[in-house]
K.L.:
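There's a structure below that I have some questions on.
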2 protein chains.
Amino acid sequence: MKLSTRGDYAVRALLELSTAEADNAIPLGELAERTRIPAKYLEQILMRLRTARVVRGKRGARGGYMLARDPHRVTVGEVIRAMEGPLAPSLCASQTAHTACPAYRCPSEDACVMRGLWAEVRDAIAGIVDHTTFGDLAARTREQQAAAREMYYI
Amino acid sequence: MKLSTRGDYAVRALLELSTAEADNAIPLGELAERTRIPAKYLEQILMRLRTARVVRGKRGARGGYMLARDPHRVTVGEVIRAMEGPLAPSLCASQTAHTACPAYRCPSEDACVMRGLWAEVRDAIAGIVDHTTFGDLAARTREQQAAAREMYYI
DNA sequence: ATAAAACCTACTAACTGGATAGGGATTATC
DNA sequence: GATAATCCCTATCCAGTTAGTAGGTTTTAT
């Protein structure tokens, strides 16, 4: 159930964008440097995120990338789905990309025991990632940093 | 977060073995036929499951495969891990195969916001699959079949 | 002895992940 | 209006994994 680097990179880059000031575009090069993600690879990821309407690009000099919305309105789940596809372990249990069950002995959608289990798992994952926004993550990051500073002063 | 066919096949084959009578070995060919999984591929999967001590093979004529334990003592989580690796979205949040966080800006294990989130997801998944056994699944299957028969008689 | 079966190793084709490369289009600034 | 910075887009490449096939060796019930 591991995330590919694509998903991991996307989340990390967005967290970086979320902690930046609103309406302040960060150029690819700087974002890549800050996150230590290969620039040209990050560019492709940002293209996907743009297609998903999660980020916006501003062209030309002084351009860069910024969140397309308020960080509190961008969920982690939406980003993971954009990068990795549906959350469900099996497409027969997916709400966003449902397909028929591949099992030979699947009695019917409603009666399929495996599908029931995969749907439980999907709901459990979605319950977390769809209710966590980049606004939340940015806030937690700030809290952590404040806590670290306090430690330092003692 | 999708399962590969390997994981899906493994679970389906084990469910088939779980509904069989105890101590009654099912030969590869029959298991493949019942589940409609390519026989030689299923064989490799069963080899892995044997290494994981989930199934046992009985050689020679009248041989076949059977569960190595009572179905109620084989969890879905254990099988998924054997086929797909750790459940956690990132290895930094894995309990079974922990490694350092790959993020450049990771402040520390305990303070890492991303790791916290991935750990939540891992716990949510594990909470389901580690508490669901093939005994449970077999029972649910029998219930469904009984319900289907009842429908038929009405 | 024979046939049925697990066991094991090697191979292959296709796909995916993780990049790298390079050119075209747009825009702020001088 | 030239220029430099920047996004935008497509192509290519390599390595590893997935999904499957093939064919042999060993064990065992009959």
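A, B, ... follow the sequence lines: proteins, then strands. Residue 1 opens every chain. These figures come from a predicted structure and were not determined experimentally.
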K.L.:
Taking only the side-chain heavy atoms of A:Y41 (C-beta and beyond), determine which of C:dG18, D:dA19, D:dT6 contains the nearest atom.
P.N.:
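Taking heavy atoms from C-beta onward, the closest nucleotide is C:dG18.
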K.L.:
To the nearest angstrom, how far is B:E33 atom CD from C:dA5 atom P?
P.N.:
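From B:E33 CD to C:dA5 P: 12 Å.
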K.L.:
Quick check: closest heavy atoms across B:L15 and B:A138, and the distance to 0.1 Å?
P.N.:
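For B:L15 and B:A138, the tightest heavy-atom pair comes out as CD1-N, 3.8 Å.
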K.L.:
Protein-nucleotides 24-27 of chain C N/O pairs closer than 3.5 Å?
P.N.:
from, atom 1, to, atom 2, distance (Å)
C:dT26, O5', A:R59, NH1, 3.4
C:dT26, O4', A:R59, NH1, 2.7
C:dT27, O2, A:A61, N, 3.4

K.L.:
Same cluster or not: are B:M83 and B:Y41 linked, directly or through other Ile, Leu, Val, Met, Phe, Trp or Tyr residues, by side-chain heavy atoms under 4.5 angstrom apart?
P.N.:
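In one cluster with B:M83: B:Y41, yes.
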K.L.:
Specify the closest pair of heavy atoms between A:C101 and A:C92, including all atoms of both residues, with the distance to one decimal.
P.N.:
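Of all heavy-atom pairs spanning A:C101 and A:C92, the closest is CA-CB, 3.7 Å.
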K.L.:
Below 3.5 Å, does any donor atom in the side chain of A:K40 face an acceptor in the base of C:dG18, or the other way round?
P.N.:
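A donor-acceptor contact between them is absent.
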K.L.:
For DNA chain C, whose closest nucleotide is more 5', that of A:R62 or that of B:G63?
P.N.:
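Looking at DNA chain C, the more 5' nearest nucleotide goes with B:G63.
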K.L.:
Hydrophobic cluster membership, with links at side-chain heavy-atom distances under 4.5 Å among I/L/V/M/F/W/Y: are A:I128 and B:M114 in one?
P.N.:
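Yes, A:I128 connects to B:M114 through the hydrophobic network.
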K.L.:
Rounded to whole Å, how long is the line connecting atom OH of B:Y9 with atom C1' of D:dT21?
P.N.:
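B:Y9 atom OH is separated from D:dT21 atom C1' by 14 Å.
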K.L.:
Can you confirm whether more than 12 heavy atoms, excluding those of B:E109, are under 6.0 Å from its CD atom?
P.N.:
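It does: B:E109 CD has more than 12 such atoms within range.
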K.L.:
In whole angstrom, give the distance that lies between atom NZ of A:K2 and atom P of D:dT18.
P.N.:
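The answer, rounded to whole Å, is 10 Å.
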K.L.:
Check whether any side-chain nitrogen or oxygen of A:Y65 sits under 4.0 Å from OP1 or OP2 of D:dT6, and answer yes or no.
P.N.:
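Indeed not, no polar side-chain atom of A:Y65 lies that close.
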K.L.:
Determine the contact category for A:G64: base if any of its heavy atoms lies under 4.0 Å from a base atom, sugar-phosphate if only primed atoms, P, OP1 or OP2 are that close, otherwise nothing.
P.N.:
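Sugar-phosphate contact only.
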K.L.:
Can you check each nucleotide of nucleotides 12-17 of chain D against protein heavy atoms at under 4.0 Å and return B for base, S for sugar-phosphate only, - for none, in 5' to 3' order?
P.N.:
------
K.L.:
Checking side-chain polar atoms at under 3.5 Å, does A:T133 have a donor or acceptor matched by the opposite partner on A:D136?
P.N.:
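Looking only at side-chain atoms, A:D136 and A:T133 do form a donor-acceptor pair, the distance falling under 3.5 Å.
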K.L.:
Between P on D:dG20 and CD1 on B:I37, what's the gap in Å once rounded to a whole number?
P.N.:
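Rounding to the nearest Å, CD1 of B:I37 and P of D:dG20 are 10 Å apart.
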K.L.:
Following the transitive rule for hydrophobic clusters with a side-chain heavy-atom cut-off under 4.5 Å over Ile, Leu, Val, Met, Phe, Trp and Tyr, establish whether B:L87 and B:L91 coincide in one cluster.
P.N.:
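No, it is not one cluster - the side chains of B:L87 and B:L91 are not joined through contacts under 4.5 Å.
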K.L.:
Please tell me if B:T5 has a side-chain N or O lying less than 4.0 Å from either OP1 or OP2 of D:dA19.
P.N.:
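It does, given that an N or O in the side chain of B:T5 lies less than 4.0 Å from OP1 or OP2 of D:dA19.
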K.L.:
Could you state the CE-C1' distance from A:M83 to C:dG18, rounded to the nearest angstrom?
P.N.:
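Going from CE in A:M83 over to C1' in C:dG18 covers 12 Å.
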K.L.:
Is it the case that more than 12 heavy atoms not belonging to B:H131 sit under 6.0 Å from its NE2 atom?
P.N.:
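Count not over threshold, so no.
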K.L.:
Can you find a heavy atom in the side chain of B:Q144 that is under 4.5 Å from one in the side chain of B:T141?
P.N.:
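The answer is no; the side chains never approach within 4.5 Å.
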K.L.:
Search all heavy atoms of A:P89 against all heavy atoms of A:V121 and return the closest pair with its distance.
P.N.:
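Looking at all heavy atoms of both residues, the shortest contact is CG-CG1, 3.7 Å.
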K.L.:
For B:R34 and B:E30, work out which heavy atoms get closest and say how close.
P.N.:
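Heavy atoms only, the tightest pair is NH2-OE2, 2.6 Å.
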K.L.:
For DNA chain D, which residues in residues 43-57 of chain A have a heavy atom at a distance below 4.0 Å?
P.N.:
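Residues of residues 43-57 of chain A under 4.0 Å from DNA chain D: A:E43, A:Q44, A:M47, A:R50, A:G57.
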